[in-house]
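Working notes, structure below.
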Amino acid sequence: MTSFKYSDENVSAPVAYSAFETMHSVAEIVLPFYSEEKSRAIIDEIWARTKEANDKFNRFDKGSPLALVNKTAAEEATAVDDELFMVLEMCRVFCNSTDGYFDITANRASRSASKGVKNFELDGSSHTVRFCDPTVKLDLGGFAKGYALENACNILKRENVTCALLNFGNSSIFALGTHPYGDHWPISVEHPYFRGKCAHTFELKDCALSISGRNGRGLGHIIDPATGDRVVKDEMIAVTGPSPMACEVLSTALYVAPREKRSDILARFAGYSASEIYCLTNGTTKVIKVY
Amino acid sequence: MDKMLTRKEFLSNLGSMFAVGSAISLFPWLTSCTEKGQKEIEGQTAKLGIIGTGSRGQFHIANLLVDKSAKIVALCDDYEPHLQEAAAMCPEAKLYNDYRKLLDDKNVDGVIICTPLNLHAIMTIDSFRAGKHVFCEKSMAYSIQDCKDVIAEWKRSGKVFVVGQQRLFDPKYIKAMELIHSGAIGEVVGVRNYWYRNNDWRREVPSPELERRINWRLYNESSRGLMTELACHQLQNGSWAMDQYPECVTGMGSIRFWKDGREVFDNVAVTYEYPNGVHMTFESIISNKHFGMGEFILGSEGTIDLVKGIMFSEQPAYRSGIEQFLMQIKQGILSNNAFAGSSWSQEDASTDPGIRFTDKIITTDGSSSTGATNDGSVELAHAFCHAVITGQQPDKIVKEAYYATALALMGDQASHEKSTIYFKEEDRIL
Ligand SMILES: NC(=O)c1ccc[n+]([C@@H]2O[C@H](COP(=O)([O-])OP(=O)(O)OC[C@H]3O[C@@H](n4cnc5c(N)ncnc54)[C@H](O)[C@@H]3O)[C@@H](O)[C@H]2O)c1
């Protein structure tokens, strides 16, 4: 489902807004300064590109290329298209550079069997992927939103857009340029126990933000690759930096990683910063920067 | 803990929970907790006599000792050790073994009755006749006829009457009911209550002939068991949420585990039916505490956990984080929206962690048979003092207490007869 709204009531800043249900969540964009027609064209292209990625990486859709890999790659080397191959290669790099804390093979079924990148082999000449173990399954859920956001940014940049705000499921955000009436986009983290209450504000300009944690008191969906268990921590991790994809990967990895390892991992990514956000049930918040 | 502080917190909590002024119109019985209510009685005290200075009586005494609007002038108990314990807490109070003598004491404006259930009616009626205001602990009385007699005497007396249904003063419940009445969970479709404990519900008896006196809860002559002692509080929930009262109840009960000579059931399961077709359940077992205490209002669009103060949505809708920027930019302004957080996903619908609707999570597990602090009891006792001083009857309390007690008694009858008991027209007196 897609919604589109447009207002040119404010002549100095006409603005479009659109929301699109995708990746089991909702993607949204605010795009100021364009005509209705031009905004529609740009937004349509972004949603089309997003849908393409969703259709390819949705492991729950039996017919998707990723589901096919999950079905056959344990038995035989399975050929994938260029895009999926590239994504798997990137995920391997991210897995290595985060000491295995970001791992698309982490899942509940293969508890403790996880060996990170060693779980699957990629053959560059034939563009095939092969699992080392029948329990291995790939899950791009923790990657796809950041990736789709990255693609959306590329479309905006290609169109020379200098001001826009993108939000994927409230956890992955990209702020292009600044709010038309500010020198940044103010993006506030909602206190998980109090709807609408601001826990911490980020002032973003040409910058991505990704947040990992659990919802309120509930269990999270992030799995510790080492144990196959859901990770339940008190804090949220917020990562900011130029690439939405890297932010997404890093916030997941840092959330899983023990506190003392977070600085080392973060230091490998130039231009990124991270904070631990502790929201207490009494409504207060403590933010600790990861150095 | 400083109880006055608690009440101050309660006030500020109320203030933050409601749009200014709305709370009092919605919950008029809370006047005593408002600043205006406090001002009204500034410098004045209610002179109180406590009848029954056992566990609950002493709990109230402890709270009232730090309430500036209360002065405990008389104590009565026919069991000397309890009377002496209370006397040690209030050395200036006059001591009585016979409550009728206390009622003759002209210095007493109002009484707080904390005796076994079978004595509530006679003591309340005698107190009204003696011209006293009355705060009687729940349940209101041992039988529906007793309740009706009490209410008739109250009406004749023109005195103030409150009953120990403290949930009416618990911020969690007040806020929850406001949410329910405003449609936050859609239509109410069910009410679920349970109270589980794992203990024999006995008090230590110094000498065997005192058994029935100390453990009055366990015997039919003085108690209606789990229904009047526990259910009574929870049975208020459905009526409060829907503003109607059940038509009938059916139930079962037995002594399954504590076969120690007691007469009241150690487990019951009863179901009430409301005119709109909603069913309210109450279950209690006192030989397994796994589930603890729970009270839920189930709606077509959400569920409210009254004990924990959490609202769950049936379909947690996605709330746009950034659509508000559209409006802002349209208006040429910049402001901040709090929306970012761990990712929202469609699957969250089944594992909705819920939203806490009170910012102070004071929950009780229902294991204490004396009472929990922060459950509204302190505010209720204060409301009584306020009422004694001003002579103003707090709204709603008597009606809620009457129906809660009547429902508990009907449930007890149904579970003994294993039958369906209908609420008689002539018993709908309020
Ligand atoms: N609202 C609540 O949450 C709450 C909590 C606990 C108890 N209660 C209620 O409080 C009441 C008392 O319960 P409790 O746990 O304090 O019981 P308890 O046995 O500890 O106290 C009752 C006292 O009444 C005294 N008493 C009995 N007959 C008397 C008489 N004829 N004259 C004077 N005193 C007499 C007893 O000696 C005893 O000291 C009950 O109705 C109970 O349901 C309410």
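Only a predicted model underlies this, so the values are computations on that prediction, with no experimental measurement involved.
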Next on the checklist: Using heavy-atom distances under 4.5 Å, tell me whether Leu165(A) contacts chain B through its side chain, its backbone, both, or neither.
Outcome noted: both
Item to check | For the student: nearest non-hydrogen atoms of Ala338(B) and Cys198(A), plus distance | outcome: CB-CA, 3.6 Å
Item to check | Side chain / backbone / both / neither for Ile29(A) at chain B, heavy atoms under 4.5 Å | outcome: backbone
Item to check | Greater than 12 external heavy atoms within 6.0 Å of Glu36(A)'s CD | outcome: yes
Next on the checklist: With rounding to the nearest 0.5 angstrom, report the CG to CG distance, Leu326(B) to Asn10(A).
Outcome noted: 11.0 Å
Checklist entry - Is any side-chain heavy atom of Phe325(B) closer than 4.5 Å to a side-chain heavy atom of Pro180(A)? => result no
Item to check | Closest non-hydrogen atom pair between Gly341(B) and Met236(A), with its separation | outcome: CA-SD, 4.4 Å
Checklist entry - So how far is it from Ile329(B) CD1 to Tyr17(A) OH, rounded to the nearest 0.5 Å? => result 12.5 Å
Item to check | Criterion side chain to side chain contact (heavy atoms under 4.5 Å, CB included) on Ile187(A) and Phe339(B), from CA distance to verdict | outcome: CA-CA 8 Å; Ile187(A) 303 298; Phe339(B) 67 93; 3.9 Å; yes
Item to check | Exceeds 12 heavy-atom contacts within 6.0 angstrom, atom NZ of Lys233(A) | outcome: yes
Next on the checklist: For the CG atom on Asp206(A), are there more than 12 heavy atoms of other groups (residues, nucleotides or ligands in this structure) within a distance under 6.0 Å?
Outcome noted: yes
Item to check | Spacing of CD belonging to Glu203(A) relative to CG belonging to Asn336(B), to within rounding of 0.5 Å | outcome: 8.5 Å
Checklist entry - Quick one: NE2 on His179(A) to CD1 on Ile333(B), what's the gap to the nearest 0.5 Å? => result 8.0 Å
Next on the checklist: For Lys289(A), is the NZ atom crowded, meaning more than 12 foreign heavy atoms sit under 6.0 Å from it?
Outcome noted: yes
Next on the checklist: Does any backbone or side-chain atom of Ala199(A) lie under 4.5 Å from a heavy atom of chain B? Answer side chain, backbone, both or neither.
Outcome noted: neither
Checklist outcome for this item: dist Gln331(B):CD -> Tyr181(A):OH (nearest 0.5 Å) comes out at 10.5 Å
